[in-house]
Amino acid sequence: MTDDIVAALAGPGWGVFDDFLSRDETAALRAEGERLRAAGRFHRAGVGRGKAALRDDIRGDEVCWIEPGVAGAASDALLARFESLRLEINRALMLGLFDAELHYARYAPGAGYRRHLDRFRNDDRRTLTLIVYLNIGWRPQHGGQLRFWPSTDQAVLEIPPRGGALVAFLSDRFWHEVAPARHERWSVTGWYRRR
Ligand code: OGA
Ligand code: MN
């Protein structure tokens, strides 16, 4: 799968990869996220870098940053997997990816994230976005799709947040938004940064 991810980034600059995680890995990651949330470790996500503003109308998720040795074995395994992916991508594409920041995100029913780019206006280090979905048994009628614009002259794609799937894209190029869902919607999002 690593080769497919590298090829997608080298070509169109984005890709969707079903079964990046097994069902067991997905369930374990979700359980670790639920435990962190029960322990009060999530906070409402802000908009922008630095003094981030809380804007329900723009972005409605709550997040918890993932550090090694904190969340549990499944999160640590994902960090390790993302790290080897980083090395492979650097080797193949010379993107100069230096480190990664990862967080859990949980959208309550009705919450979404309006159309945006992942690269901040005042901080251009974010280079590659990876999103892994933790929603086993997700159905189209649950909503919550990632709406993704491959280019300005192409129609928007509707990507369901199906458990175990990975979405990868170059952070500065692709507009996207999260449609509100009828169920809670979980993911881990990672951004690889260059220096
Ligand atoms: C983000 C984001 C999309 C998704 O966190 O920046 O756009 O499908 N997430 O969760
Ligand atoms: Mn985004």
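In this chain, numbering begins with 1 at the start of the sequence shown. Only this structure's heavy atoms are used, side chains among them; waters, hydrogens and symmetry mates stay out. Read the numbers this way: they start at 1 and go in the same order the structure lists the ligands and their atoms.
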Would you say that Val16 contacts Leu157 through its side chain, given a criterion of any heavy-atom pair below 4.5 Å between the two side chains? no
Run the numbers for me: atoms of ligand 1, each under 4.0 Å from some heavy atom of Leu146, listed by number. 3 (C), 8 (O)
Below the 3.5 angstrom mark, is there an N/O of His103, backbone or side chain, next to an N/O of ligand 1? no
Residue, atom name and distance, where the atom is the protein heavy atom closest to atom 10 (O) of ligand 1: Arg185 NH1, 2.9 Å
For atom 1 (C) of ligand 1, what's the nearest protein heavy atom and its distance? Tyr113 CE1, 3.7 Å
Is NZ or CZ of Arg115 both nearer than 6.0 Å to the six-membered ring centre of Trp149 and within 45° of the ring axis? yes
Geometric class of the Trp138/His142 ring pair [parallel <30°, tilted 30-60°, perpendicular >60°]: perpendicular
How does Trp191 reach ligand 1, if at all, at less than 4.0 Å between non-hydrogen atoms: by side chain, backbone, both, or neither? side chain
Between His176 and ligand 1, find which residue part has any heavy-atom pair under 4.0 Å and reply side chain, backbone, both or neither. side chain
For Glu177, state whether at least one heavy atom is located under 4.0 Å from any atom of ligand 1. no
Tell me whether Trp186 shares a hydrophobic cluster with Leu79, the cluster being built from Ile, Leu, Val, Met, Phe, Trp, Tyr side chains joined at under 4.5 Å. yes
Any N/O of Asp61 closer than 3.5 Å to an N/O of ligand 1? no
Do Ile66 and Leu36 have side-chain heavy atoms sitting under 4.5 Å apart? no
Answer with yes or no whether the hydrophobic clustering places Val63 together with Ile131; edges join I, L, V, M, F, W, Y residues whose side-chain heavy atoms lie under 4.5 Å apart. no
Pairwise salt bridge (charged side-chain N to carboxylate O under 4.0 Å, His left out) hits with a residue in residues 10-28, at least two apart: Asp18-Arg162
For Phe82 and Tyr192, take the angle between the two ring planes, folded into 0 to 90°, and tell me which bin it lands in: parallel under 30, tilted 30 to 60, perpendicular over 60. tilted
Any side-chain heavy atom of Tyr104 within less than 4.5 Å of one from Arg41? no
Report yes if some N/O of Asp118 lies less than 3.5 Å from some N/O of ligand 1; otherwise report no. yes
For the Mn ion (ligand 2), protein N, O or S atoms at a distance below 2.8 Å amount to 3
Ring geometry between Trp65 and Trp191 (parallel below 30°, tilted from 30 to 60°, perpendicular above 60°): tilted
